[in-house]
Participant: 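If you scroll down you'll find the structure; I have some questions about it.
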Amino acid sequence: MLVLLVALVMRWPSAVPWAVAVLAGSYLAGRTGHATVDGRAAIVGVLLLLSAELASWSVDVDKRLVSERPLVVRRAAILLALCVLALVANFMLLATSAVSASSGAALATIGTAAAVAAVALVVRMAFRTPRR
């Protein structure tokens, strides 16, 4: 949190990803040694995404310029939709990784890879720029 605070106070946009990486690393370090899948990981991932987006938004804001209300509402709605999609994707990935060991590690790996590929394809198609 200290790295994120410094990034916000000093208005360093390049430090925001590092702050989120440190936060994610501290969560992973706390999970070391636990054999079970943590259901809260999906929520933690979305909260990390939300904190990164809000921190970047805060660093980008120039107080000398007044943002138009429709633009702020649109940006917040897009952020909310992104968080909901990320939560769904995270739960799908957690569900595939929680496949019982009796079905085999290969099947769990294939399922996880398929879920990641499906989400990547949807995101790519959603943000695809039309050709002129």
Side-chain angles (χ1 to χ4, degrees):
M1 292 299 292
L2 183 62
V3 176
L4 186 59
L5 180 66
V6 169
L8 289 173
V9 170
M10 300 301 289
R11 301 184 66 82
W12 289 337
S14 60
V16 171
W18 290 104
V20 173
V22 169
L23 287 171
S26 65
Y27 173 74
L28 289 175
R31 290 293 304 156
T32 303
H34 297 283
T36 60
V37 175
D38 184 16
R40 293 175 293 180
I43 297 168
V44 170
V46 171
L47 290 176
L48 286 171
L49 172 67
L50 183 64
S51 65
E53 288 295 325
L54 290 176
S56 295
W57 194 354
S58 297
V59 170
D60 289 343
V61 170
D62 188 353
K63 292 187 181 202
R64 296 174 293 175
L65 301 174
V66 178
S67 298
E68 294 180 8
R69 184 170 174 84
L71 179 65
V72 173
V73 170
R74 180 176 175 213
R75 192 170 182 182
I78 290 172
L79 181 57
L80 178 65
L82 180 65
C83 288
V84 169
L85 286 173
L87 187 64
V88 170
N90 288 347
F91 278 130
M92 286 178 15
L93 291 172
L94 276 176
T96 58
S97 67
V99 172
S100 66
S102 63
S103 63
L107 183 60
T109 303
I110 291 169
T112 303
V116 169
V119 170
L121 181 64
V122 168
V123 168
R124 178 165 167 72
M125 292 184 77
F127 294 106
R128 186 175 178 190
T129 57
R131 293 184 183 197
R132 297 175 195 215

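All values below were derived from every heavy atom in this structure, side-chain atoms included, with hydrogens, water molecules and symmetry-related copies excluded. Residue numbers run from 1 in the order of the sequence given.
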Participant: Considering only distance and modelled atom types, tabulate donor-acceptor pairs under 3.5 Å from the side chains of residues 82-93, sequence neighbours left out.
Facilitator:
from, atom 1, to, atom 2, distance (Å)
Asn90, ND2, Ala42, O, 3.1
Asn90, ND2, Ala86, O, 3.3

Participant: Below 3.5 Å, can you tabulate the donor-acceptor pairs from side chains in residues 72-79 to any protein atom, sequence neighbours excluded?
Facilitator:
none

Participant: Give me the atom names and distance for the closest heavy-atom approach of Val16 to Ser56.
Facilitator: CG1-OG, 3.8 Å

Participant: Not counting sequence neighbours, which residues clear side chain to side chain contact (heavy atoms under 4.5 Å, CB included) with Val6? List them please.
Facilitator: Met10, Trp12

Participant: What heavy-atom pair brings Leu4 and Ala55 nearest, and what distance separates the two atoms?
Facilitator: CD1-CB, 3.7 Å

Participant: For Arg40, which residues count as a side-chain hydrogen bond (donor to acceptor under 3.5 Å, both in side chains) partner, sequence neighbours excluded?
Facilitator: Asp38

Participant: For Trp18, which residues count as a side chain to side chain contact (heavy atoms under 4.5 Å, CB included) partner, sequence neighbours excluded?
Facilitator: none

Participant: Any idea which heavy atoms bring Ser58 and Leu8 closest together, and the distance?
Facilitator: CB-CD2, 3.9 Å

Participant: Tell me, please, which residues at least two apart from Met1 pass side chain to side chain contact (heavy atoms under 4.5 Å, CB included).
Facilitator: Leu23

